[in-house]
Amino acid sequence: MAGVFIVLEGPEGAGKSTLVRWLSARLLADGRPATTVREPGGTPVAEAARKVALKSKHDMSLTSELFLILAARADLVDRVIRPALEAGDVVLADRFGLSTLCYQVAGRGLPRAEVEAALRLATGGLEPALTLVLDVPVEVGRERQRRARKEQDRFERQDDAFHQRVREAYQRAAGPGVVHIDATRPKKTVQDAAWREVQAVAAPTLRGVS
Ligand code: T5A
């Protein structure tokens with residue numbers, strides 16, 4: 001595909017949304033507007049699934065939770081991400097498949113091989129060119145969310161042990177295009193580190209750091 005698919009990952013409050021907004025503005029300043037998406041969500045069906053997965057007051061099985069998230073992802077990939085990549089856009093995603101491995105496998109305890117197979121079905125095997133994994137300790141992320149007065153969802157209400165498993169799974173993440181960034185540092189330092197990586201994958205049409 002002609003476009004470039006970039007994903008930001010990491011635990012709660014790591015600074016993903018903040019960085020997506022900054023990278024989007026930086027790309028725009030270089031004359032390359034990006035398509036930005038947030039997971040789960042981004043289409044009417046995916047937003048409906050997000051509402052249930054994150055906000056439902058009812059108990060649900062862990063498998064139901066997985067399939068809500070994957071239903072949202074399948075719709076987003078088909079309707080937004082693939083068309084944008086085929087049109088040659090940079091796509092910046094706030095979470096993607098690695099979130100499912102860290103939350104539903106490491107956090108919830110679902111079996112990895114089955115989840116990976118379901119993931120491939122949902123995405124048609126689409127993989128990012130670059131995955132920036134922002135790392136912060138659980139208590140730092142929680143404190144940032146508290147300061148931002150974020151209303152807690154079903155995941156954020158999980159105990160610290162759950163969030164520690166999620167963080168450690170992110171720390172173990174490796175493979176083509178996976179880059180870890182220490183996100184406890186000031187925003188400007190994190191942005192500079194991320195921009196260097198984005199330039200390396202989207203370089204041909206970018207002017208470089210000014
Ligand atoms: N989920 C999702 C799954 O279980 N499986 C999946 O497959 C997927 C896709 C989504 C939930 O769904 C779960 C995981 C999640 O629990 P969400 O609200 O969309 O929930 O995502 P969160 O990650 O929970 O969003 P947050 O907003 O909490 O985290 P962010 O985006 O990482 O953090 P951000 O950018 O909003 O920043 C938080 C605060 O920190 C400040 C910001 O200004 C903001 O106030 N900040 C910094 N402060 C100091 N230094 C820095 N470097 C900072 N960077 C940001």
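This chain uses plain numbering: 1 for the first residue, then up along the sequence. Whatever order the structure lists them in is the order used to number ligands and atoms, beginning at 1.
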Using a 4.0 Å cut-off to any heavy atom of [X], which atoms of ligand 1 qualify?
{"X": "Ala148", "answer": "45 (O)"}
{"X": "Ala183", "answer": "52 (N)"}
{"X": "Arg185", "answer": "50 (N), 51 (C), 52 (N)"}
{"X": "Glu156", "answer": "24 (O)"}

### Query
In this structure, are over 12 heavy atoms from other groups packed under 6.0 Å from Lys55 atom NZ?
yes

### Phe67 atom CZ, neighbour heavy-atom count above 12 within 6.0 Å
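No, not enclosed.
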
Nearest non-hydrogen atom to [atom] belongs to which of [options]?
{"atom": "atom 23 (O) of ligand 1", "options": "Arg95, Glu12, Glu39", "result": "Arg95"}
{"atom": "atom 53 (C) of ligand 1", "options": "Arg146, Arg144, Arg142", "result": "Arg144"}
{"atom": "atom 1 (N) of ligand 1", "options": "Leu19, Ile69, Leu54", "result": "Ile69"}
{"atom": "atom 17 (P) of ligand 1", "options": "Lys16, His163, Arg50, Arg38", "result": "Arg50"}

Closest non-hydrogen protein atom to [atom], residue and atom name please, with distance?
{"atom": "atom 31 (O) of ligand 1", "answer": "Ser17 OG, 2.5 Å"}
{"atom": "atom 35 (O) of ligand 1", "answer": "Thr18 OG1, 2.5 Å"}
{"atom": "atom 4 (O) of ligand 1", "answer": "Gln104 NE2, 3.0 Å"}
{"atom": "atom 7 (O) of ligand 1", "answer": "Thr100 OG1, 2.7 Å"}
{"atom": "atom 25 (O) of ligand 1", "answer": "Lys150 NZ, 3.4 Å"}
{"atom": "atom 8 (C) of ligand 1", "answer": "Ser99 CB, 3.6 Å"}

### Query
Which is it for Lys51 and Glu47 under the salt bridge (Lys or Arg N to Asp or Glu O under 4.0 Å) test, yes or no, and what are the steps along the way?
CA-CA 6 Å; Lys51 199 170 166 194; Glu47 289 294 329; over 6 Å; no

Check contact between [X] and ligand 1, using heavy atoms of the residue and a distance below 4.0 angstrom.
{"X": "Arg21", "result": "no"}
{"X": "Gly13", "result": "yes"}
{"X": "Arg73", "result": "yes"}

### Message
Checking Arg142 against Asp160 for the side-chain contact (heavy atoms from CB on, under 4.5 Å) test, could you report, in this order, the C-alpha distance in whole Å, the side-chain angles of both residues, the deciding distance, and whether it holds?
### Response
CA-CA 10 Å; Arg142 280 200 190 275; Asp160 283 354; 2.8 Å; yes

### Task
Please step through side-chain contact (heavy atoms from CB on, under 4.5 Å) for the pair Val45 and Arg79, ending with a clear verdict.
CA-CA 11 Å; Val45 164; Arg79 291 168 188 274; 6.0 Å; no

#### Entry: Side chain, backbone, both or neither: the part of Asp153 lying under 4.0 Å from ligand 1 by heavy atom
side chain

### Task
Mind checking whether Gln145 contacts ligand 1 via backbone (N, CA, C, O), side chain (CB onward), both or neither, at a 4.0 Å heavy-atom cut-off?
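Looking at Gln145 and ligand 1, just side chain atoms fall under 4.0 Å.
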
### Message
The test is side-chain hydrogen bond (donor to acceptor under 3.5 Å, both in side chains); show your working for Gln158 and Arg108 and say whether it passes.
### Response
CA-CA 10 Å; Gln158 297 301 307; Arg108 298 297 203 198; 3.3 Å; yes

### Query
In Å and rounded to the nearest 0.5 Å, what is the CD to CD distance from Glu151 to Glu156?
9.5 Å

### Message
To the closest 0.5 Å, what do you measure between CG (Leu23) and CG (Leu28)?
### Response
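Answer for the CG-CG pair, Leu23 versus Leu28, is 12.5 Å.
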
### Message
Applying a strict under-4.5 Å side-chain criterion to I, L, V, M, F, W and Y, I'd like to know whether Leu98 and Leu132 cluster together.
### Response
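No, it is not one cluster - the side chains of Leu98 and Leu132 are not joined through contacts under 4.5 Å.
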
### Query
What are the two closest non-hydrogen atoms of Val190 and Asp182, and how far apart are they?
CG2-O, 3.8 Å

Does any N or O atom in [X] lie less than 3.5 angstrom from one in ligand 1, N or O only?
{"X": "Gly10", "result": "no"}
{"X": "Lys187", "result": "yes"}
{"X": "Gly15", "result": "yes"}

### Task
Sort out for me which residue in Arg95, Arg73, Arg50 forms a side-chain hydrogen bond (donor to acceptor under 3.5 Å, both in side chains) with Glu39.
Arg73

### Message
Could you check whether Arg165 pairs with Glu168 (Lys NZ or Arg NE/NH1/NH2 to Asp/Glu carboxylate O, under 4.0 Å)?
### Response
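Salt bridge absent between Arg165 and Glu168.
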
### Task
I would like to know whether Arg196 and Asp192 meet salt bridge (Lys or Arg N to Asp or Glu O under 4.0 Å); could you show each step before the answer?
CA-CA 6 Å; Arg196 277 193 295 277; Asp192 288 346; 5.6 Å; no

